[in-house]
Amino acid sequence: MPNRREFLKDVAGATAGMVVAGRGRAYAALGAFQAAPAARRRVTIGGRRVTVIDIHAHTFVPEVWELVKNTPLAATAKNNLTGAIALGPGTATRLQYMDKEGIDYQAINVNAWGYSADRALARDLIQLQNEKIAAAVTASPDRFVGMATLALQHPDLAAEQLDHAVNKLGLRGAAIGGSVEGQELSDRKFDPFWAKAEELDVMLFMHPQAAEGTTQNTRLQGRGGLGNTIGNPLETTVFLSHLIFEGTLDRFPGLKICGAHAGGYLPSYSGRSDALCGRGGGLGADCKALKKKPSEYFKSELYVDTMVFHEEGLRHLAAEVGVDHIFYGTDYPFDWPVGIDFVLNATFLNNTQKEQILGGNLIKLLRITA
């Protein structure tokens with residue numbers, strides 16, 4: 001059976017010549033990829049069928065071009081929206097990939113990209129995206145669950161949008177960025193949104209977008225794609241650290257937030273944050289109001305995906321946050337070596353733990369009937 005890398009190369013070849021742009025290059029197709037269907041991989045552990053859910057699966061809604069093509073958002077849309085295979089035209093490609101990989105469900109999401117939109121445009125843009133995501137789920141309810149998009153630059157509107165998306169459109173959570181036009185989401189102005197997310201008891205998937213100081217940093221220029229390789233996990237690290245130290249997670253202890261890219265660097269170095277809080281004076285004073293150690297938030301509100309690549313990295317992640325706070329994620333359609341065998345072959349995990357990571361943890365949180 002072709003592996004994930006081979007399959008995405010096939011997609012790239014088949015979509016050559018189509019309109020693509022941005023970091024997705026040939027992996028982002030506005031047209032459908034037609035190929036002979038492959039047999040669907042059914043994952044079993046210990047002889048028992050298990051459900052595999054991908055929390056980190058990108059898409060975009062091509063119809064938004066009509067809304068933004070004559071606005072200042074057009075350039076941003078061009079750079080960001082074509083980093084994933086589109087809903088509608090790309091559904092066949094997406095399902096073929098999922099069948100080959102053994103993925104039963106994708107939690108489809110759109111990366112945050114329109115946080116500069118004014119209130120009127122933001123309302124129309126989010127409504128269109130969420131309705132299209134909901135329609136894709138309705139068309140394939142046994143393969144997709146939908147994550148809403150939100151206009152976080154208008155926190156009260158974002159709260160309304162989340163409520164509508166969950167209660168009217170049937171979406172299971174939302175995808176958010178790590179900051180909003182330079183503002184940290186730990187700022188108290190965003191409390192109405194956090195309050196609504198806690199009230200609705202839904203999963204939030206945080207994924208980095210372009211942000212000054214992390215993904216966009218002059219020190220990260222040059223070879224290695226460092227704005228992505230280093231900058232994306234750094235943005236997640238900064239986002240989560242602010243939520244901890246500014247008290248957001250204490251004010252809203254019912255939140256459920258998954259930080260993309262294995263939670264950035266924070267899970268592997270949260271001991272430094274804990275040590276700071278044990279110093280008493282100096283910077284340690286910043287911890288006095290916290291209800292627990294920084295690392296302990298990974299046992300409650302915070303979750304991570306499996307984007308760590310090495311088995312030892314996954315072992316360490318499990319030791320730091322616990323297997324019950326890890327979700328399987330692929331970063332579809334980008335060609336990262338994180339297929340399900342990465343989890344299935346992990347020697348330190350028992351069968352129950354493998355099932356938890358691959359889908360068991362998310363079945364209840366995303367309200368999936370397996």
Side-chain angles (χ1 to χ4, degrees), residues 20-24 27-30 54-69 71 73-91 93-94 105-117 121-140 143-154 157-158 161-162 164-166 169-180 185 193 197 202-211 215 232 235-236 257-258 260-261 305 329-334 366:
V20 297
R23 67 188 180 99
Y27 301 123
L30 294 180
D54 181 2
I55 190 66
H56 191 155
H58 299 296
T59 190
F60 73 95
V61 175
E63 291 87 351
V64 301
W65 289 105
E66 292 304 311
L67 284 179
V68 304
K69 64 183 181 181
T71 75
L73 275 179
T76 303
K78 182 178 291 186
N79 288 332
N80 289 280
L81 293 185
T82 52
I85 295 178
L87 285 181
T91 299
T93 301
R94 186 179 297 271
Y105 291 89
Q106 279 189 345
I108 51 177
N109 70 84
V110 175
N111 260 13
W113 63 276
Y115 285 161
S116 63
L121 178 57
R123 185 180 295 277
D124 293 342
L125 177 61
I126 297 303
Q127 179 178 337
L128 175 59
Q129 290 186 146
N130 289 346
E131 288 178 350
K132 293 297 182 180
I133 292 171
V137 173
T138 298
S140 302
R143 306 308 302 274
F144 302 140
V145 294
M147 306 296 277
T149 59
L150 304 169
L152 285 179
Q153 69 272 36
H154 309 292
L157 178 59
Q161 291 166 335
L162 182 60
H164 183 266
V166 172
L169 299 179
L171 303 186
R172 308 298 173 83
I176 63 174
S179 56
V180 175
L185 284 165
F193 162 70
V202 293
M203 175 61 60
L204 301 174
F205 178 68
M206 175 269 158
H207 190 284
Q209 84 281 33
T215 64
N232 274 359
E235 173 72 358
T236 303
I257 303 169
C258 177
H261 311 119
D305 66 19
T330 65
D331 203 5
Y332 175 84
F334 302 105
L366 294 179

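One-based numbering along the sequence shown.
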inquiry  = Rounded to the nearest 0.5 Å, what separates atom CD in Gln127 from atom CG in Leu67?
reply    = 9.5 Å
note = Applying side chain to side chain donor-acceptor pair (under 3.5 Å) to Thr236 and not counting sequence neighbours gives none
ask   = Do Leu185 and Met206 touch side chain to side chain, with heavy atoms closer than 4.5 Å?
value = no
task = Starting at CD of Gln209, measure out to OG1 of Thr76 and round the result to the nearest 0.5 Å.
result = 10.5 Å
query = Can you name the residues that form a side chain to side chain donor-acceptor pair (under 3.5 Å) with Gln153, not counting sequence neighbours?
reply = none
query = Do the side chains of Tyr332 and Gln106 get nearer than 4.5 Å, heavy atoms only?
reply = yes
query = Do we see a donor-acceptor contact under 3.5 Å between the side chains of His207 and Asn109?
reply = no
ask   = If we only count heavy atoms from C-beta on, is the Leu157 to Phe193 side-chain gap below 4.5 Å?
value = no
note = Residues passing the side chain to side chain contact (heavy atoms under 4.5 Å, CB included) test with Val166, sequence neighbours excluded, are Leu162, Leu200, Val202, Arg367
Donor-acceptor contact present, side-chain His154 to main-chain Ala117, <3.5 Å = yes
key: Closest contact, heavy atoms only, Ala136 versus Ile108   = CB-CD1, 4.2 Å
task = Test side-chain contact (heavy atoms from CB on, under 4.5 Å) on Asn111 and His58 and set out the steps.
result = CA-CA 7 Å; Asn111 260 13; His58 299 296; 3.1 Å; yes
inquiry  = Nearest 0.5 angstrom please: Asp331 CG to Ile55 CD1, how far?
reply    = 12.5 Å
Any residue meeting side chain to side chain contact (heavy atoms under 4.5 Å, CB included) with Thr71, in chain and number order, not counting sequence neighbours = Val68, Leu73, Leu121
message = Between Tyr115 (side chain only) and Ser179 (backbone N and O only), is there a donor and an acceptor less than 3.5 Å apart?
response = no
ask   = Rounded to the nearest 0.5 Å, how far apart are CD of Gln129 and OG1 of Thr59?
value = 10.0 Å
key: Val137 side chain reached by Val145 side chain, heavy atoms, under 4.5 Å   = no
key: Over all atoms of both residues, closest heavy-atom pair of Phe144 and Tyr105   = N-CD2, 4.0 Å
task = State whether the side chain of Asn130 and the backbone N or O of Thr149 hold a donor-acceptor pair below 3.5 Å, judged by distance alone.
result = yes
ask   = For Arg172, what residues pass the salt bridge (Lys or Arg N to Asp or Glu O under 4.0 Å) criterion, not counting sequence neighbours?
value = none
query = Sequence neighbours excluded, which residues qualify as ring pair (Phe, Tyr, Trp, His ring centres under 6.0 Å) partners of Phe205?
reply = His56
inquiry  = Within this structure, what is the CG-CD1 distance for the pair Leu150 and Ile176, rounded to the nearest 0.5 Å?
reply    = 8.0 Å
ask   = Hey, does Met203 have a side-chain heavy atom less than 4.5 Å from the side chain of Ile257?
value = no
task = Would you name the heavy atoms of Asp54 and Gly329 that are closest together and state the gap between them?
result = OD1-CA, 3.3 Å
task = Measure the shortest side-chain to side-chain distance between Pro208 and His261 over non-hydrogen atoms and say whether it is less than 4.5 angstrom.
result = yes
remark   = Residues at least two apart in sequence or cross-chain that pass side chain to side chain donor-acceptor pair (under 3.5 Å) with Gln161, listed by chain then number, are none
inquiry  = I'd like to know if the side chain of Thr138 and the backbone of Ala134 have a donor-acceptor N/O pair within less than 3.5 Å.
reply    = yes
task = Kindly give the heavy-atom pair with the smallest separation between Ala151 and Ala158, and that separation in Å.
result = O-CB, 3.5 Å
task = Scan for salt bridge (charged side-chain N to carboxylate O under 4.0 Å, His left out) pairs involving residues 128-137, sequence neighbours excluded, and state none if there are none.
result = Glu63-Lys132
